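Please read the structure below before turning to the comments.
First listed ligand is number 1; within each ligand, the first listed atom is number 1. Just so it is clear, the values below take in all heavy atoms, side chains as well, and ignore hydrogens, waters and symmetry mates. From a predicted model like this one, the values you see are computed outputs, not experimental measurements.
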Amino acid sequence: MSKKVLIVGGVAGGASAAARLRRLDEEMEIIIFERGEHISYANCGLPYYVSGVIVERNALLVQTPAGMKERFDIDVRIHSEVTRIFPEQKEIEVKEANGHIYRESYDELILSPGAAPIRPPIPGINDIESFVVRNVSDIDQIKGYIDEQQPQTAVVVGGGFIGLEMAENLQARGVNTTIVEMGDQVMAPLDFEMAAILHEHIFTKGVNLILEDGVKAFDKKENKTILTLQSGEQIEADLTILAIGVKPEIKLAKEAGLTIGDLGGIKVNERLQTSDPNIYAVGDAIEVKHLITGQASLIPLAGPANKQGRIVADVIAGRNSQYKGTQGTSIAKIFDLAAASTGANEKTLKKLGIPYEVSYTHSASNAMYYPGATRLSLKLIFEKSAGRILGAQIVGSQGVDKRIDDIAGVIRRQGTIYDLQELELAYAPPFSSAKDPVNMAGYVAENIINGDVRTVHWYDVQKMNPKEVCIVDVRTIEERRGKFILGSLHIPIDELRNHLAELPKDKDIVVYCEIGLRGYLAYRILTQHGFTRVKSLSGGWVTYFPAVFS
Ligand code: FAD
């Protein structure tokens with residue numbers, strides 16, 4: 001007899017699982033329960049509807065219950081919240097919006113309830129009107145509020161990708177926006193110095209970015225909200241958006257006695273089975289194995305949720321499919337820049353005590369001589385011994401997506417920096433350079449591994465005393481004007497061989513240039529002239545400046 005499969009949640013993971021199940025089994029009874037009004041909506045597109053970049057509301061609705069019925073013969077029940085699971089009886093309890101409650105039996109149950117926006121218990125949070133961004137109803141409310149109330153000012157609490165996307169789209173609507181972020185940086189998957197590039201950019205777009213200052217209290221004053229920050233600063237806003245992060249929706253699973261992990265997500269095995277063999281879970285609600293660190297992690301992203309939906313359907317249909325882990329490949333548009341990352345970041349590796357090495361490259365997005373080339377800042381993190389790639393982060397305005405995807409593919413196959421060198425990538429001047437930025441990152445990393453250059457990082461130089469270390473700027477006079485490391489000597493690279501006698505052999509020497517290339521050349525010259533205590537500033541001034549001065 002054919003199975004009866006119930007699915008809780010009808011968006012990324014749930015809808016993917018349902019469609020795949022039907023493709024694999026024409027006979028199976030499949031029912032999706034969705035608490036809200038819509039299924040399969042484009043969560044990721046919601047912020048762009050506020051500004052009108054996405055014009056048609058219907059464009060956000062990728063699939064409808066009627067469409068699911070027609071094409072896949074799937075019974076979709078919207079306004080239907082699953083309120084309990086009875087694992088012993090293999091039944092669930094469903095509450096409809098009209099109050100009607102009933103039970104439904106299952107052979108297999110898939111949970112894809114997602115993650116809910118966090119509403120921290122900050123004093124006054126329940127007394128003010130604030131908005132979160134999770135589903136179409138949320139964005140309808142925000143858009144309706146803007147259309148009717150015409151707010152002049154907004155505060156977005158939280159500098160993650162949802163907060164930044166909202167800030168950009170509010171600003172585009174003419175709402176003067178402030179972002180309040182408790183941490184010292186936006187976009188937590190990036191390391192600080194990469195996020196620092198974004199900080200500068202966000203300021204230039206007129207957004208007031210406040211870092212290292214959380215909200216202490218919310219107060220209502222007439223139609224406005226007053227946010228009092230930990231520092232005592234007060235901000236007045238006509239519109240308040242909470243984008244503080246999300247937490248897995250585990251109430252159902254917990255009450256059903258399913259195992260919950262230490263991070264607060266549902267525990268599953270490689271077959272995405274929970275502690276009850278007939279109950280599966282996917283998406284933002286589960287803890288996944290991080291592909292690099294091997295640690296349990298919460299990584300709420302659409303790609304993994306969709307893939308897990310497909311895999312769980314395979315498993316239920318009797319196929320041998322496994323979910324091997326998440327590497328957290330992600331990208332976000334931050335005004336004119338894109339910020340992307342994959343694998344582990346430096347702060348995580350440091351915390352876990354996993355050894356790593358880092359290189360920075362600031363290549364051009366395409367051939368320098370072709371109009372429109374822009375800078376692409378790439379941080380590569382790798383094992384020093386074998387060169388296995390552990391992670392990468394890229395910030396730039398063009399071609400960020402394809403480069404991060406190249407590296408993500410190599411990471412997925414346990415690849416090394418040598419694999420990056422070997423990648424044969426599509427090239428013509430409008431698109432790339434004959435040595436693509438990804439190849440370049442591989443070459444620079446190899447130089448470090450081979451000992452062809454010894455590097456220091458921006459945070460090392462920040463701590464150095466220029467009296468004890470000889471810091472040499474090898475850029476041109478034009479590049480140095482008004483922007484240099486205090487106390488540094490200036491010897492342009494082309495004059496370096498003529499000034500060797502002025503440099504100390506009994507002191508550490510740090511050479512730096514704009515992006516690291518001439519610093520490397522200077523390193524090669526000096527070490528071949530008997531200077532043994534030389535290091536090159538990795539990523540040069542372009543990495544150092546935003547990290548130290550933003
Ligand atoms: P969801 O897609 O959230 O679906 C869960 C559904 O389950 C919800 O509709 C909910 O109503 C329903 N539900 C919950 N409990 C019950 C219940 N008891 N009964 C019935 N129904 C229930 N990811 C990216 O990779 N890239 C992006 O650019 C990106 N942008 C995003 C932008 C925004 C504004 C948001 C909110 C998310 C974004 N994400 C992005 C994250 C991505 O949308 C999620 O990772 C993905 O949707 C998770 O899929 P899911 O199936 O686990 O949960």
Residues two or more places apart in sequence or in another chain: which of them pass side-chain contact (heavy atoms from CB on, under 4.5 Å) with Phe86? Arg84, Gln89, Glu91, Glu93, Arg103
Just to confirm my output: which protein heavy-atom neighbour is closest to atom 29 (C) of ligand 1, and how far is it? Cys44 SG, 3.0 Å
May I ask which of Val82, Val246, Asp138, Asn306 has a heavy atom nearer to atom 19 (N) of ligand 1 than the others do? Val82
What do we get for Leu252 next to ligand 1 when only non-hydrogen atoms under 4.0 Å count, side chain, backbone, both or neither? side chain
Does a side-chain N-to-carboxylate-O contact under 4.0 Å join Asp262 and Lys267? no
Under the side-chain contact (heavy atoms from CB on, under 4.5 Å) rule, collect the residues that match up with Ala172, sequence neighbours excluded. Ser51
Shortest protein contact, atom 3 (O) of ligand 1 (heavy atom only): Arg134 NH2, 3.5 Å
When you measure from atom 9 (O) of ligand 1 to every protein heavy atom, which one gives the shortest distance, and what is it? Glu34 OE1, 2.9 Å
Report yes or no: does a heavy atom of Ser80 sit under 4.0 Å from some atom of ligand 1? yes
Verify, without hydrogens or angle tests, whether Ser297 (side chain) and Gln295 (backbone) share a donor-acceptor contact under 3.5 angstrom. yes
Closest non-hydrogen protein atom to atom 17 (C) of ligand 1, residue and atom name please, with distance? Val8 CG1, 3.6 Å
When you measure from the centre of the six-membered ring of Phe192, is the NZ or CZ of Lys347 closer than 6.0 Å and no more than 45° off the axis? no
Is it true that Arg35 and Glu249 have a side-chain N and a carboxylate O under 4.0 angstrom from each other? yes
Check: Phe131 ring centre within less than 6.0 Å of Tyr145 ring centre: yes
Ile162 and ligand 1 - part of the residue with a heavy-atom distance under 4.0 Å: side chain
Contact partition for Ala305 relative to ligand 1, non-hydrogen atoms under 4.0 Å: side chain
Which residue and heavy atom of the protein sit nearest atom 34 (C) of ligand 1, plus the separation: Asn43 O, 3.4 Å
Answer side chain, backbone, both or neither: which part of Tyr48 comes under 4.0 Å from ligand 1, heavy atoms only. neither
Give the residue, atom name and distance (to 0.1 Å) of the protein heavy atom nearest atom 45 (O) of ligand 1. Asp284 OD1, 2.8 Å
Could a heavy atom of Pro300 be found less than 4.0 Å from some atom of ligand 1? yes
Where is the nearest protein heavy atom to atom 49 (O) of ligand 1: which residue, which atom, and how far? Ala12 CB, 3.2 Å
Which of parallel (below 30°), tilted (30 to 60°) and perpendicular (above 60°) describes His38 and Tyr41? perpendicular
